[in-house]
Amino acid sequence: MGSFRGMAHSAIGQRLVACLLNVSEARRKELVETVARAAVFDSNGGRREGTTVLNIFNDQDYNRSVITIVASIDCIKEAVLSACEQACRLIDMSAYAGGHPTMGAVDLVPLYPLGEEVGLGDCAKEARAVAAGLTERVSGTSAFFFGWADSPQHRGLAQRRKEMGWFRKNPDTGASRPDVGPLPQKRYGLTGIGASPYVMNCNVTIDTQDLALGRSIAMSIRESTPGGIPGVQVLALPHEGAVEMACNVESMKGNPPSQVGERGEPWPTFSIGGQLYCHAPASLITARVAELAGLQGVVTKGTALVGFTPHECRGLAERALSLGIAEFWKELRRLHM
């Protein structure tokens with residue numbers, strides 16, 4: 001994917017922001033595509049300038065979809081807000097059932113800077129504007145902030161979710177105190193909105209139904225454990241008759257650690273406002289999970305990247321926007337990711 005970088009249209013890339021919109025629906029694919037289209041077309045069917053949807057990742061078992069929206073910093077708010085509005089119109093949380101923790105019809109709205117001319121402060125400002133717009137336009141919605149949008153503490157997503165009770169089996173959204181909007185209502189639930197350096201989603205499946213084993217592996221690889229992988233937050237969840245390590249791979253400031261991926265590749269790097277960031281490669285996470293599972297006689301079934309690495313995301317967005325393709329996810333289905 002790196003070949004797209006440095007092409008003539010890279011000027012497009014300098015102001016880009018990605019939003020990996022997480023919605024609590026995957027079993028009704030047309031519904032999810034309607035939400036995605038709201039990001040790139042206005043209510044009259046007109047094309048939104050400078051905006052594309054790169055990918056839609058549906059997980060039937062979790063009943064959760066991740067829509068990768070990329071736009072210039074000037075257009076991102078309207079694109080994301082329109083998709084959120086549509087999702088709130090179509091998804092009723094009081095009737096929700098799925099295997100992944102969730103609290104909202106729109107569960108997560110993270111904004112990530114992709115281009116050199118966009119900083120974390122810019123993304124935080126747009127994230128806060130999305131929250132204000134959503135709670136104004138859809139009466140009864142509420143949101144909490146994380147990352148750079150959570151001013152001045154900048155608390156991370158995992159910490160904010162813990163505080164809101166997101167990890168509990170049956171979270172009581174009504175007891176959560178949102179940062180914007182009323183006490184959460186059953187229909188819409190509670191939405192996390194924030195800004196941070198890019199977070200990659202990497203899911204590794206192990207061929208067992210032993211959730212306790214999955215949890216012990218999760219504990220070993222998460223960042224908070226000594227010897228864990230820096231930047232990795234992970235949940236072990238039952239998934240399609242096996243156990244999945246659902247990992248959020250956070251980007252970290254500074255030079256990569258000396259660890260490398262299984263195939264010896266270094267940690268990918270990118271910069272935000274002249275500051276270098278890096279993230280663990282998926283191959284390292286996969287190798288570590290395979291090694292720990294193997295000690296218990298269990299093999300891995302596969303690894304899925306939900307969306308892209310930061311480099312891929314920017315490269316594909318530059319390509320989609322230079323070609324004027326709004327619904328790039330349809331092109332992507334023809335290429336095997």
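In what follows, every heavy atom counts, from backbone to side chain, and hydrogens, waters and symmetry copies are set aside. Here the structure is a predicted model, which is why all the values come from computation and not from measurement.
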Practice problem: Is it possible for you to say whether Leu211 and Val234 belong to one hydrophobic cluster, with membership spreading through side-chain heavy-atom contacts below 4.5 Å? | Solution: yes
Quiz item: Residues in ring-ring contact (aromatic ring centres under 6.0 Å, His included) with Tyr112, at least two apart?
Solution: Tyr198
Self-check item: Min side-chain heavy-atom separation Glu30-Glu33 under 4.5 Å
Solution: no
Quiz item: Which value, rounded to the nearest 0.5 Å, describes the distance between Glu49 atom CD and Leu321 atom CG?
Solution: 9.5 Å
Self-check item: Single hit among Arg222, Glu223, Arg288 for side-chain contact (heavy atoms from CB on, under 4.5 Å) with Ile229
Solution: Arg288
Quiz item: Quick one: are Val17 and Pro113 in side-chain contact, heavy atoms under 4.5 Å?
Solution: no
Exercise. Among His239, Arg64, Arg27, His100, find the one that has a side-chain hydrogen bond (donor to acceptor under 3.5 Å, both in side chains) with Asp59.
Key: His239
Quiz item: Closest heavy-atom contact between Ala127 and Ala149?
Solution: CB-CB, 4.0 Å
Quiz item: Angle class for the His279/Phe270 ring planes (parallel below 30°, perpendicular above 60°, tilted otherwise)?
Solution: tilted
Exercise. Write down the atom of Cys19, the atom of Ile76, and the distance for their closest heavy-atom approach.
Key: CB-CD1, 4.5 Å
Quiz prompt | Asp107 and Ser24: side chain donor to acceptor below 3.5 Å | solution = no
Practice problem: Heavy atoms only: give me the nearest Ala195-Ala124 pair and the separation to one decimal. | Solution: CB-N, 3.6 Å
Self-check item: Point-to-point distance, once rounded to the nearest 0.5 Å, from NE2 of His154 to OG of Ser196
Solution: 11.5 Å
Exercise. Report yes if the side chains of Arg161 and Leu108 come closer than 4.5 Å at any heavy-atom pair, otherwise no.
Key: yes
Quiz item: Which heavy atom in Val70 sits nearest to a heavy atom in Cys313, and how many Å separate them?
Solution: CG2-SG, 3.9 Å
Quiz item: Between the side chain of Ser65 and the main-chain N/O of Glu25, is any donor-acceptor distance below 3.5 Å?
Solution: yes
Quiz item: If you measure from the Lys or Arg side-chain nitrogens to the Asp or Glu carboxylate oxygens, is any gap between Arg314 and Glu116 under 4.0 Å?
Solution: yes
Quiz prompt | Step-by-step side-chain contact (heavy atoms from CB on, under 4.5 Å) determination, Arg48 to Ser82 | solution = CA-CA 11 Å; Arg48 286 187 208 283; Ser82 301; 2.9 Å; yes
Quiz item: Mind checking whether Glu327 and Val53 have side chains closer than 4.5 Å, heavy atoms only?
Solution: no
Exercise. Might you confirm whether atom CD of Gln60 has over 12 heavy atoms from other residues, nucleotides or ligands at distances under 6.0 Å?
Key: yes
Quiz item: With the 4.5 Å side-chain cut-off for hydrophobic clustering, are Met219 and Met245 part of the same group?
Solution: no
Quiz item: Got Pro257 and Cys278 here, is their nearest side-chain heavy-atom distance under 4.5 Å?
Solution: yes
Self-check item: Donor-acceptor contact below 3.5 Å, side chain Asn55 vs main chain Thr68
Solution: no
Quiz item: To the nearest 0.5 Å, what is the distance between CG (Leu114) and SG (Cys123)?
Solution: 8.5 Å
Quiz item: Are any of the side-chain nitrogens in Asp179 or Arg128 under 4.0 Å away from the carboxylate oxygens of its partner?
Solution: no
Exercise. Answer whether the closest heavy-atom distance between the side chains of Asp122 and Glu117 falls below 4.5 Å.
Key: no
Exercise. Following the transitive rule for hydrophobic clusters with a side-chain heavy-atom cut-off under 4.5 Å over Ile, Leu, Val, Met, Phe, Trp and Tyr, establish whether Leu276 and Val249 coincide in one cluster.
Key: no
Quiz item: Hey, does Ser151 have a side-chain heavy atom less than 4.5 Å from the side chain of Phe145?
Solution: no
Exercise. Given side-chain contact (heavy atoms from CB on, under 4.5 Å), test Leu305 with Asn201 step by step and report yes or no.
Key: CA-CA 6 Å; Leu305 268 187; Asn201 301 111; over 6 Å; no
Quiz item: Donor-acceptor pair, Asn44 side chain versus Gly46 backbone, under 3.5 Å?
Solution: no
Exercise. Kindly determine whether Glu126 and Arg15 satisfy salt bridge (charged side-chain N to carboxylate O under 4.0 Å, His left out), including the steps that lead there.
Key: CA-CA 13 Å; Glu126 296 306 315; Arg15 296 184 60 75; over 6 Å; no
Quiz item: Has the side chain of Thr225 got a donor or acceptor atom that lies under 3.5 Å from a matching backbone atom of Ile221?
Solution: no
Quiz item: Rounded to the nearest 0.5 Å, how far does CG of Asn203 lie from SG of Cys247?
Solution: 7.0 Å
Quiz prompt | Minimum side-chain heavy-atom gap Arg137-Cys88 below 4.5 Å | solution = no
Exercise. Report the C-alpha distance between Trp166 and Leu190 in whole Å, list the side-chain angles of each, state the deciding distance to 0.1 Å, and finish with yes or no for side-chain contact (heavy atoms from CB on, under 4.5 Å).
Key: CA-CA 9 Å; Trp166 186 88; Leu190 179 63; over 6 Å; no
Exercise. Taking all non-hydrogen atoms of both residues into account, name the closest pair between Leu134 and Cys84 and its distance.
Key: CD1-CB, 3.9 Å
Self-check item: Closest heavy-atom pair and its distance - Ala143, Ala131
Solution: CB-CB, 4.4 Å
Exercise. Could you grab the distance from atom CD1 of Ile193 to atom CG of Asp150, nearest 0.5 Å is fine?
Key: 12.5 Å
Quiz item: More than 12 foreign heavy atoms under 6.0 Å from CD of Gln209: is that the case here?
Solution: no
Quiz item: Linking I/L/V/M/F/W/Y whenever any side-chain heavy atoms sit under 4.5 Å apart, do Val299 and Val289 land together?
Solution: no
Self-check item: Nearest-0.5 Å distance that lies between atom CZ in Phe57 and atom CG in Asn22
Solution: 10.5 Å
Quiz item: When you look at Tyr277 and Met252, which way does the side-chain contact (heavy atoms from CB on, under 4.5 Å) test go after all the steps?
Solution: CA-CA 5 Å; Tyr277 284 81; Met252 293 164 309; 5.7 Å; no
